[in-house]
Trainee: 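Submitted below is the structure of interest, expressed as structure tokens.
To find a chain, count down the sequence lines: A is the first, B the second, and so on, and within it residues start at 1.
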Protein chains: 2
Amino acid sequence: MSNEDGGSLRGPLAHRVPDLAALELLLAVARLGSLGRAARETGITQPAASGRIRSMERMLGVGLVERSPRGSRLTDAGVLVTDWARRIVEAAEAFDAGAQALRGQRDSRLRVAASMTIAEYLLPGWLVALRARRPGTAVTLLAGNSAAVAERLRAGEADLGFVEGLAAPAGLDGAVVGGDRLVVVTAPAHPWARRRAPIAAAELAATPLILRERGSGTRQVLDAALAAYGGLAEPLLELASTTAAKAAAVGGAGPSVLSELAIGEELASRRLVEIPFEDLDLHRSLRAVWPTGHRPTGPARDLLSLTQGP
Amino acid sequence: MSNEDGGSLRGPLAHRVPDLAALELLLAVARLGSLGRAARETGITQPAASGRIRSMERMLGVGLVERSPRGSRLTDAGVLVTDWARRIVEAAEAFDAGAQALRGQRDSRLRVAASMTIAEYLLPGWLVALRARRPGTAVTLLAGNSAAVAERLRAGEADLGFVEGLAAPAGLDGAVVGGDRLVVVTAPAHPWARRRAPIAAAELAATPLILRERGSGTRQVLDAALAAYGGLAEPLLELASTTAAKAAAVGGAGPSVLSELAIGEELASRRLVEIPFEDLDLHRSLRAVWPTGHRPTGPARDLLSLTQGP
DNA sequence: GTTGCTCATAAATCCAGCTTATGCCCTCAT
DNA sequence: ATGAGGGCATAAGCTGGATTTATGAGCAAC
């Protein structure tokens, strides 16, 4: 009776989750219906594919593929596993698209400057879509705050920018490509999570919160909105990154106010719960921006068209 | 000038994305501020950690951490990469939680039966949250259609079930834990994507669509809703899985009607666009269910409480 | 100055996974 | 029937990447 129970923290994730190559192979098998064909597509030999699938099945303790002399089909469990695997692969594709842009090729055809929030949460998805639609478009990404983005564009060092905020920076034209909203969140165990009535603005203002540091975009919006209600109370914690603030809130340190872009996953899995509030507008626009008069063309226009919802 | 451009399909993802162990290590470095501490936490030696980070930087072509004699901090690029990496790791955690449940331990304390859709898209997140709140709860997952879920519960072979549909199956009590909605989608290039007016129910009924096979939950809901408008036209394609239907729609084969749970990613990256329609209610409830009178207790109650939104 | 933390480098080792080379099974067509 | 072809499994040998141990060097605090 060692610690071989169905528990959780018995080792690094990498020992319990197959590597990307194996997951991609599984997706190929699901799509092509044959280990051999999947192997060929993946650029390995058939025995290698056979072995990889087998070791994946051993690792998970579940049969994934039903082999037959005329092909392979997924088992019921295999269908589920394959769908879960697809999530990992999609996240990896976003990572890859982002990382490639970060690398900053010399011969880049499209130079994008974006605020941190957008670069973190939205841009990778857009880059994946752009890659699907216009393969071979080399993209460079520069991340910085709104002022830095504006500066790059004015200096001609970027072709297209993305910023969040209430208005487009001076000297730049723009188009709204989406919205963001700050939400009040707590861990599910916090008393606020059991309230039925919305939090009043004044109560929110009077409560010590977990916040980003003064100067961050999130903090500025909140400061402005609560100014009419006496301004923010002394923060409970003041942290340098959205991630740190999120982690503190998840850990139950107290209520926080964060961008809904940053906490989708946490809300879905109920590591955080959203607390309704009233009398406040914590929306902000996400804008694509470009130098006044220089309407985007070429690759920049391609990317822009991806971001504009129907 | 080989194909070493900033393109896309120059090899398997695994060659351009670090493995899970490296990504976890990066997250640990970000959290702990030191390669050595991160190494210890990850269960490897300091030189191994140093090498892993270095090879990751070489792979991505970007510096990620700034080393100093009294610790390491992330670079600007490192912050972005770390956030993107976190997405992959979270997807891997969901995979792991799901896979472990699929394995079906003997000594399981909680046996869950769920419909495919819920097992695919929602359950892994719930299991991650459950693991965080009640570590050591061993969960077994059985996936099947609504009838199979009901059967398991009545036979006492499962403690808690999840089904989608308009009403709880006979003999079972239930509670709504969420909603699902069928949406009309096309590839962005499809003429419908440029329409401004919603699709009328009659027009939708008359159009050949990419659909799941007759008998699937999705198909049933759509059939029922369109019965009043002359019923569904002959399908354009009839496919055996949601994934296949999605792939066909993304490929531009035509319009499809799919669960919004299944296409979140595709909508966000605009590989698919949602087409508004009118005069139809394509909502369906997601319910937790249990044998009449046997209100869930223990681990089942823990899981149930996770799924009920505020 | 010494202790303690940080990280980098070097050399030896070890293991995991690949490829090549087979063999068996099944189906289909001749 | 009987061969041809596609599909998968097994065995053996090899290669390379990643790890560990051992050590050195830089900086800070006492």
Trainee: Can we say A:R67 and A:E57 salt-bridge, meaning some charged N sits less than 4.0 Å from an Asp/Glu carboxylate O?
Mentor: yes

Trainee: Within the 3.5 Å criterion, strictly below it, is a donor on B:T242 or B:R212 matched to an acceptor on the partner's side chain?
Mentor: yes

Trainee: Which side-chain hydrogen bond (donor to acceptor under 3.5 Å, both in side chains) pairs, counting each pair once, include a residue from residues 25-40 of chain B, with sequence neighbours left out?
Mentor: B:R31-B:E41

Trainee: List for me each residue that meets ring-ring contact (aromatic ring centres under 6.0 Å, His included) alongside A:W126, sequence neighbours excluded, and say none if there are none.
Mentor: A:F162

Trainee: Sugar-phosphate means primed atoms, P, OP1 and OP2; the rest is base. With that split, encode nucleotides 2-12 of chain D 5' to 3' as B, S or - using protein heavy atoms under 4.0 Å.
Mentor: ----BSBBB--

Trainee: More than 12 heavy atoms of other residues, nucleotides or ligands under 6.0 Å from CG of B:D76: is that the case?
Mentor: no

Trainee: Under the side chain to side chain donor-acceptor pair (under 3.5 Å) rule, collect the residues that match up with A:E157, sequence neighbours excluded.
Mentor: A:R152

Trainee: Can you pull the contact range of chain A along DNA chain C, 5' to 3', using atoms under 4.0 angstrom from its heavy atoms?
Mentor: C:dC18 to C:dC26

Trainee: Enumerate the residue pairs fulfilling side-chain hydrogen bond (donor to acceptor under 3.5 Å, both in side chains) with a member in residues 21-30 of chain A, sequence neighbours excluded, ordered by first and then second residue.
Mentor: none

